[in-house]
Number of protein chains: 2
Amino acid sequence: MKKPKLQLACDQSSLKNALKDISKVGEIVDIIECGTILLLQEGELAIECLRALFPDKIIVADTKCADAGQVVARNVSEAGADWMTCICSATLPTMRAAASEVAEVQVELYGDWTIKQAEQWLDIGVHQVIYHQSRDALLNGETWSKKDLNRIKQLIDMGFQVSVTGGLVAKRLKLFKRLNVYAFIAGRAITNSENPVSAALEFQVEINRLWGS
Amino acid sequence: MKKPKLQLACDQSSLKNALKDISKVGEIVDIIECGTILLLQEGELAIECLRALFPDKIIVADTKCADAGQVVARNVSEAGADWMTCICSATLPTMRAAASEVAEVQVELYGDWTIKQAEQWLDIGVHQVIYHQSRDALLNGETWSKKDLNRIKQLIDMGFQVSVTGGLVAKRLKLFKRLNVYAFIAGRAITNSENPVSAALEFQVEINRLWGS
């Protein structure tokens, strides 16, 4: 199995807080996500600053794009993002338009998406998905279940690179140890911890322990 | 029938272009939308500027929120927005969390939503939806059909306030004349026309002709 990457989600509500958090741990992670909350608050400047600070990291703009795929993709690409996200309820033309302007489109799986839809995403060349426990679902007391793990496996078997997110902490990664997860996405579990550097390293240590050769 | 409102979508990629466009026609419309493209580029500053320019208009933040409903809603509300949008694939906890912080949540209908989902939105007190022809679907050659009109009627009959958008021009409004549409949303049909003031007035004249008492 290939070793999963670690992605840091920057979902602060202000650029200054995002920069304060990311400056400590950005170099430890593999992918840096400019989160939706941050984008909606600070706009493209947030992407530009992340790109300036981390020229060699993969940067994802978590636009959760539902429409106007080409314009949104061109804008985030010009600001310095490598990848962007589309919401699963976006139409195929939207995903196709987005994919024409960025290196990778990742589909964010929320609500009632279907395997039939997922096949269509593969057909148009979109082969990354993000499997969520939504922040609000977690607040509502829901958590990772056998059903989630089966669904993730099904997507991997179809040929998707599947990133996983929602309430992840390092000690929970072993839940996924039989799965060839593409990336684990964590945000506040790292940035809000007492020692963010230790928290990020703990993720990397656990990934190495479970998936390293 | 109640006269539909006119909503102007500001979907420019820069604040300066949005301000140039809106300054001419903002007073003619009923609702001003801070579009997703603009929000992703300029952040909350875009909402703050629209609020400053038009203190008496309804301002909608078109966040198409899929997660973190409460944080996003609080942020846009603090910036000056009255309403915000959630994507139809957002979970009910997300919509409920958003609705706790803004006066109205509007659900954006993209992709394969169902009537059963729509009933759940009503159950949690969300009674506004936006029926779309997506920009990318329009670019792909799709247009308003009998099926769209029936779906809109069904939503109105269920008790929703239904706003309609996607490639609308004034002369196309008569397509909807048997329907109690809540608002027509237009963007570039107004701002990109040779004379934006005339284009906006043409919408209001047509709305008055078709739905005025």
Side-chain angles (χ1 to χ4, degrees), chain A residues 11 13-15 35-47 61-72 74-76 78-79 84-85 87-98 108-114 116-117 132-142 165-166, chain B residues 11-15 35-47 61-72 74-76 78-79 84-85 87-98 108-114 116-117 132 134-142 165-166:
Chain A
D11 252 328
S13 282
S14 75
L15 183 56
T36 317
I37 293 171
L38 182 59
L39 275 173
L40 291 172
Q41 284 298 99
E42 299 283 2
E44 64 177 343
L45 179 64
I47 302 172
D62 188 17
T63 51
K64 295 188 175 70
C65 183
D67 201 0
Q70 188 167 21
V71 176
V72 171
R74 188 178 298 152
N75 285 344
V76 300
E78 283 175 6
M84 70 178 266
T85 65
I87 191 79
C88 54
S89 50
T91 61
L92 293 177
T94 293
M95 292 187 189
R96 202 184 282 117
E108 295 256 359
L109 303 176
Y110 280 100
D112 296 324
W113 56 276
T114 64
K116 194 180 151 199
Q117 285 175 297
H132 274 262
Q133 283 290 8
S134 95
R135 187 159 162 171
D136 295 313
L138 292 166
L139 287 173
N140 221 32
E142 297 165 36
T165 187
Chain B
D11 253 327
Q12 296 82 355
S13 282
S14 75
L15 183 57
T36 317
I37 293 171
L38 182 60
L39 275 173
L40 291 171
Q41 284 298 99
E42 299 283 3
E44 65 176 343
L45 179 64
I47 302 172
D62 189 16
T63 51
K64 295 187 175 69
C65 182
D67 201 359
Q70 188 167 23
V71 176
V72 172
R74 190 178 295 152
N75 285 344
V76 300
E78 283 175 6
M84 71 178 268
T85 64
I87 193 76
C88 55
S89 50
T91 60
L92 293 177
T94 293
M95 292 188 190
R96 202 183 282 120
E108 296 256 359
L109 304 176
Y110 279 99
D112 295 327
W113 56 276
T114 64
K116 193 180 151 198
Q117 285 176 296
H132 275 261
S134 94
R135 188 159 161 170
D136 295 313
L138 292 165
L139 288 172
N140 220 32
E142 297 165 35
T165 187

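Throughout, protein chains are lettered first and strands after them, A, B, ... in sequence-line order, and every chain is numbered starting at 1.
Contacts between A:Gln117 and chain B at a heavy-atom distance below 4.5 Å involve the side chain alone, from C-beta outward. Both the backbone and the side chain of A:Leu39 come within contact range of chain B, each with at least one heavy atom under 4.5 Å from a heavy atom of that chain. For B:Ile87, the part lying under 4.5 angstrom from a heavy atom of chain A is the side chain only. Contact annotation for A:Glu42: only backbone heavy atoms (N, CA, C, O) come within less than 4.5 Å of a heavy atom of chain B.
Considering CD1 of A:Ile37 and CZ of B:Arg74, their distance stands at 10.5 Å, rounded to 0.5 Å. Here OH of B:Tyr110 is found 7.0 Å from OG1 of A:Thr94. Values are rounded to the nearest 0.5 Å. Atom-to-atom distance recorded for A:Asp67:CG and B:Glu108:CD is 8.5 Å, nearest 0.5 angstrom. In this structure, CG on B:Leu40 lies 8.5 Å from CG on A:Asn75, to the nearest 0.5 angstrom.
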